[in-house]
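The block underneath contains the structure these notes are about, expressed in structure tokens.
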Amino acid sequence: MKTFQRKHPTNVQFNQQRKSVYKQLQLIRQIRTKNVIRGILASEKKATVSPTGMQAIRREAAGPDLSSATQIILGINGGYPFSNVGSSYRNLLRTHSLNVIIPENEVYYLIGHLNGWSMEVRKILGAMETMATLPNAHPVDALDALFLVAQQWGASNYLVKKVAYIASKAGKDAELIEPLSKISDLLEQRKYPTPFFSAMEDMDSDFDYFTRISNRVQLLSKYVSDGDFRQLLPLHNVIPVPLSKKDLGSYLRKSHSMSLVDEVVSLVQIFILKEQWPEIIDQINSFLSPEIYAAILKFMQIPFDTSRLYDDVDPYSADIVYYRRAAAFVEFEEPCKYRLFVDKIIGPRLMDNYIPPMDNSIITTPSVRDLTKTLNGFRKSSKYIDIQNSGVFLRTIWFLIYIDRNRTLSAFSHNDVRTILNNTMYLNILLSGDEIERLYATSNDESRSLITVLALALYKSRSNDDDVDFKFRLNLCKTVIDKFQGSIVSYIEWLLPSSPEVANFLLNVLDGPTLQKMYWLVKNPREADQIRQDILRAVGKTKGRLEYFVEADAIEAKAQVSKIQMYFDDSRMYVDGYAMKQWLIDNPSAYQQQYLQLLEHHAENLSVLKVAISRSGSEFKAETWTLSAYDYMLFEVAKAAFTQFCINTNFGIESYLGRRIRHNTLTGMMRGGVETLLEKGNYHILTYDDAFLQAHADWVEDYRSIIEHLRKDILQFKTIQKPKGIFYSDMNVDTEPTKTNIALLRGMATSANSIELFNEMLIRFCWQEIDPQLNTAAKFVTVDVLNNTTSRLNAHFANFNSDLQRQFLAELQNEVHDRFTRLGSWFRQPDSGFVSASIKQLGELIFMEATNGPVPTNQQINWSGNGYDIPMDGLSVHRMYDCLSVLIRNACKYGEVNVPINVDVDAQQAQKANIAKVTVHVASWLKDDASKQENVARLVKCFEENDIGTAMMKEGYSGIKKLRYIVSSCERSSDVKHVITNDICKISFTLTVELAETV
């Protein structure tokens, strides 16, 4: 809670100041307000005025009296001087307790506090003038200037957004580490990382903006109190300008709760947006200190080059880059007005629970022709209101304005719809469900299939309900069957040339689980995987995007490796690790970006702790734990991953609970054989006893209520809506198990130093973190709930004591016990969330596939080295399969038939983690035929190619280039070598792999 501090005066100073304060009471007109102030001065002897005291003033005083009262209490010469300078980022995160008053009075309150610190306010405005040149400065010089601001006025939202702007725009410049660390240390960023890292995600183009903001709103909504989203800094900064007079009140309260600098910025914004509230400008003109007023007018004349915020990107994406970076410069006119224009449109769409629809009647409604013209790009920031001066983002905004004012798409032809969908972005997030339904209903038949794709994308991102998108799945399947002979790939290929953005939506929508639900077209999971691969390769080829080929091959590798061992035990808790890894790749966080950058350049700083881990059975034992220097970043990375691991409705535990717990699987399992026991032949005679039948009916009803309570209330993640949920998606860094897991994650990350493995380790971490909750759930079900159910069962049949009745009761108790034991067994980790396999196992599987038969002896492959039998785990198995497959298949194809293939494997295991550097050498005798020289020349050329990605897109994704690409993408460098000596060709590669645990 914000406290209002004052200096500790001497007795003489105190008496003089007290006399001065009482003299100032003559400025107050209302007697009751004077009495409130007198009461505070008389009763509150500490260095702070209590929140209760300030609440009383804000509640009692109004208009000019509130301004004067605030100055009397909080001004530099007041009873309790409050400079509003915070020493750390903590000040930005604390929620305030200021009571809600009308916006006009919030302005009076702001004026009073600023008038009370007039000289300091003018110094701040002077410093803000110098910051106008910040975008033109060298990043190090800019950060040094911001460090001086931090030294003078502490932490502020104004400051942290500018620091994030510099850090995000300069990228991975190693020069920035030192000046960023100075600011970080000064403002205690390690303790309070959220302000900087959330601002980074807002600014940095590496992060998908609207997807991330949508997730942020969803995750933080449970913490919003009384509908005031501005209390929470990450939500406050989503809308960095006040949208309306009502919102201005919340905005000013948040500014006052953060810093004096942010109060000054909010006052400047009121001046910039004076057309929104002319009457408020009048009251400011009447009561603001003349010196401050003159300083603000002077500041507003300072030129600011907005083009520097977007001149490093192409004009078609410049509008969204400017939108994101403008948040750091809302004290200047053009960025402030641009954000207001856009945020009044999309703010209510992103936070419809907290922001009502805005009045945008002064904005001209675009025509169909406006929306379908060729994009000119965003070239001049002051012309944002010009419909043709736009990139893809602003074209989206204008389309949203059109949709908001028109109930139908009937004016659009099929080509118009294609053009709009190809020149807009994030419609699956920014359109509402009602708007999608309306567009679908009013579009012509030809356009409806395109709207269907958009609808599926929208519902996939917002709901895990299989029924909500049934209509759109059915319609899409009918289109594919009627017009494309049932081939989804043909439909994608038809879309790509003329509707690439729609094809991209479809690519994101049609993952494996969704394809399996399109049962009109897809017969089984294997076919769904094959269709997904074909789609990825088709889109990758058309767009020239290599990552699509990589994903397609990963699906095939998963299917092939699964032949060794079934990885999915449906009776246990399950998280789709492949889908989660893809999510982590698609949604990197600022914490992860910074941590991996440090890991790459300063790995030694990340492992200051030497953790002794011993394995006793299945127990880890650890020495004393103290988080090392950068664990605060790692914790935030892990916390975000754990949240998705738990509640993501597409791959997380929530999706498992949805499928097995809530969709009647649990109900059927628990009730089957229990409620029908009385129907067994040997108990038929009991059905003639009316009293017994009634007791049984009462018991069944009671038992069903227990199951329903479990299903709906207990086996849920705890939220405000589900307060009795037994699972929770939050992490607490202060618990010993979490500290242990973080330290283990750090040890593995520093040992591997691989981005590819890092995401896999995060999934491992999440399983370790959830394990205690699974154990708690299993115990609760098999002990607490079972005992309660058994007691209630016995109570229902307490008065029935014949031999047959007691026999029935005993068997019923056994059935109930069996059901709860089986339910408890669900809450365990899978025996293996991934497949474990050795290199030898993979090699023999590949050889068998390549030669269409089993491996009869070791004559075909000779294994040597210390690493071929070491079991690997996780997705390392799939990468090794892909790499080894290239070399063994090539050896089979180009090597002599009767000469063994020699595979030598050297493994160097890290000391403190289940990580190893594995070097594989595959040697074969070249086949002596007419194509030998041609094959050797082609091999040499493959190794001479420097730009592997471009070469592969031109010549095909296969063979040695594929091997080099996989290794380079995992290991930061392509450590693949070859040598040909006396017709023996030896090719080697090195991979960092995760090792399976051994007991």
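When a residue number appears, it is its place in the shown sequence, counting from 1. Keep in mind that the numbers below use all heavy atoms, side chains included, and drop hydrogens, waters and symmetry copies. Note that the coordinates shown come from a computational prediction; the quantities given were computed from them, not determined experimentally.
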Report task. To the nearest 0.5 Å, tell me how far E844 CD sits from I888 CD1. Result -> 9.0 Å
Query - Residue K986 excluded, over 12 heavy atoms near NZ under 6.0 Å - result: no
Report task. For the residue pair Q592 and N759, confirm or rule out a side-chain donor-acceptor distance under 3.5 Å. Result -> yes
Query raised in the report: Hey, does the side chain of S825 reach the backbone of R822 with a donor-acceptor pair shorter than 3.5 angstrom?
Result: yes
Query raised in the report: Okay, side chain of N862, backbone of P900: is any donor-acceptor separation there less than 3.5 Å?
Result: no
Query raised in the report: Is there a donor in the side chain of Q530 and an acceptor in the side chain of D534, or the other way round, less than 3.5 Å apart?
Result: yes
Query - Residues D906, K917: salt bridge by 4.0 Å N-O rule - result: no
Report summary line: From the list V886, L887, L963, side-chain contact (heavy atoms from CB on, under 4.5 Å) partner of V976 resolves to L963
Query - Pair T821-T782, side chain to side chain donor-acceptor pair (under 3.5 Å): steps then yes or no - result: CA-CA 6 Å; T821 301; T782 57; over 6 Å; no
**Report entry** Distance-only donor-acceptor check, side chains Y894 and R938, under 3.5 Å
**Finding:** yes
Query raised in the report: Is the count of non-hydrogen atoms from other residues, nucleotides or ligands lying under 6.0 Å from K893 atom NZ greater than 12?
Result: no
Query raised in the report: Between E769 and T738, is any side-chain donor less than 3.5 angstrom from a side-chain acceptor?
Result: yes
Query raised in the report: With the threshold set at 4.0 Å, does a side-chain nitrogen-carboxylate oxygen contact exist between E527 and R532?
Result: no
**Report entry** Mutual orientation of the aromatic rings belonging to W767 and F645 [parallel < 30°, tilted 30-60°, perpendicular > 60°]
**Finding:** perpendicular
